[in-house]
Amino acid sequence: MIAGDLEYVMTSLPHLFLKDTDRERSRVISIFQRYAGSEEKKENIITLFEEEMDKFLSAKESETLQQIRLQTVHQPIFQKSKIDVLRRFSIYCSRLKKDLYQLRTARKSGKEIATTLESIKDLEPGTPLEEEIQLIQWQWDKLEELMIGHYTDFEAVILFKLKLCVLLRWWTFDEQKGFERFLNLTEPGHGR
């Protein structure tokens, strides 16, 4: 396990790159496994990160960190957060989610897509996987923008966790499984 202060811990974490390669996955996962004290221990790296940070954060900060999930970061509780970077990312994700819903609804009904969907105006049409990767890139870019000026403070911890969540989401994409799910969802009679 790591010893020292929050600044030391933050500088010892792996620098995250938005890459989906075996080498990148191995690099990040092996560093977190070393933090756990065992290369063979197969814990969730988000859990390992939270446990490490728990040693250096106040109880309130630790609780806040553990509540943050990529799937729920758009919720109003985070949009109202006093933590600036969390609030700004939450608002960004909420807008993105709403605009995507409108886009997908318009596509499904064959209607003209509203030009007021500012957050997704640059979305290049493609396969569902290609579009999801674009969304991941946009979230990553927003997190990179929010990182400016935050290196070893609590905001940096939050941003690191969110970047790790975005990266792990991308790493879970399986083109074959996604295609099979798409076929199941689009076959006639589905959802009746």
Side-chain angles (χ1 to χ4, degrees), residues 6-7 9-11 13-20 28 32 44-108 113-124 126 128-173 178:
L6 184 59
E7 182 176 357
V9 173
M10 289 303 295
T11 58
L13 291 171
H15 184 77
L16 301 177
F17 299 97
L18 189 59
K19 294 181 180 177
D20 186 15
V28 171
F32 278 101
N44 177 320
I45 61 176
I46 295 291
T47 302
L48 292 173
F49 174 73
E50 289 172 346
E51 288 172 358
E52 259 335 286
M53 291 300 108
D54 191 46
K55 299 172 189 175
F56 305 98
L57 302 174
S58 70
K60 185 177 180 178
E61 289 171 332
S62 185
E63 181 182 348
T64 299
L65 184 67
Q66 291 180 22
Q67 291 174 347
I68 297 169
R69 296 286 180 253
L70 195 58
Q71 301 87 337
T72 59
V73 76
H74 66 282
Q75 293 178 344
I77 189 171
F78 297 114
Q79 291 179 45
K80 296 174 185 172
S81 176
K82 293 180 181 179
I83 303 164
D84 183 58
V85 297
L86 180 55
R87 181 181 62 254
R88 289 171 60 195
F89 189 69
S90 178
I91 291 168
Y92 174 80
C93 288
S94 177
R95 177 82 263 155
L96 194 61
K97 191 173 184 70
K98 287 175 186 172
D99 286 354
L100 280 168
Y101 176 78
Q102 288 182 4
L103 171 70
R104 290 175 176 157
T105 301
R107 282 181 178 171
K108 189 175 183 178
I113 298 169
T115 57
T116 58
L117 304 178
E118 184 64 29
S119 73
I120 58 168
K121 67 179 172 46
D122 296 326
L123 184 67
E124 294 285 329
L129 178 60
E130 291 167 341
E131 289 184 3
E132 283 297 321
I133 291 171
Q134 286 179 70
L135 297 173
I136 283 178
Q137 180 68 59
W138 292 353
Q139 290 175 328
W140 188 270
D141 292 346
K142 184 64 172 180
L143 291 168
E144 286 283 308
E145 172 191 318
L146 294 171
M147 285 290 299
I148 297 171
H150 298 286
Y151 306 104
T152 59
D153 57 8
F154 182 54
E155 285 84 356
V157 172
I158 289 171
L159 292 166
F160 186 91
K161 179 179 179 179
L162 286 167
K163 286 176 79 175
L164 190 58
C165 289
V166 168
L167 193 58
L168 291 173
R169 174 164 163 63
W170 189 23
W171 289 354
T172 63
F173 289 168

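Computed from a prediction, not measured in an experiment: that's the story for all the values here. Numbering of residues begins at 1 and proceeds along the displayed sequence.
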Can any side-chain N or O of [X] pair as donor or acceptor with the backbone N or O of [Y] at less than 3.5 Å?
| X | Y | value |
| --- | --- | --- |
| Ser94 | Ser90 | no |
| Lys97 | His74 | no |
| Lys161 | Ile68 | yes |
| Trp170 | Lys19 | no |

Roughly how far, to the nearest 0.5 Å, is [atom2] of [Y] from [atom1] of [X]?
| X | Y | atom1 | atom2 | value |
| --- | --- | --- | --- | --- |
| Ile91 | Lys80 | CD1 | NZ | 11.0 Å |
| Leu162 | Leu16 | CG | CG | 11.5 Å |
| Arg88 | Leu143 | CZ | CG | 11.0 Å |
| Asp54 | Glu51 | CG | CD | 8.0 Å |
| Gln134 | Glu130 | CD | CD | 8.0 Å |
| Ile158 | Glu61 | CD1 | CD | 8.0 Å |

Side chains of Met10 and Tyr151: does their closest heavy-atom pair fall under 4.5 Å?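 Result no, sub-4.5 Å side-chain heavy-atom pair not found.
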Under a 4.5 Å cut-off applied to non-hydrogen side-chain atoms, are Thr64 and Phe154 in contact?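 Sidechains of Phe154 and Thr64: in contact.
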SB check Lys142 Glu145 (cutoff 4.0 Å):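 Yes, Lys142 and Glu145 are salt-bridged.
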Describe, in one word, how the ring planes of Phe32 and Phe49 are oriented to each other, choosing from parallel (under 30°), tilted (30 to 60°) and perpendicular (over 60°).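 Rings of Phe32 and Phe49: perpendicular, over 60°.
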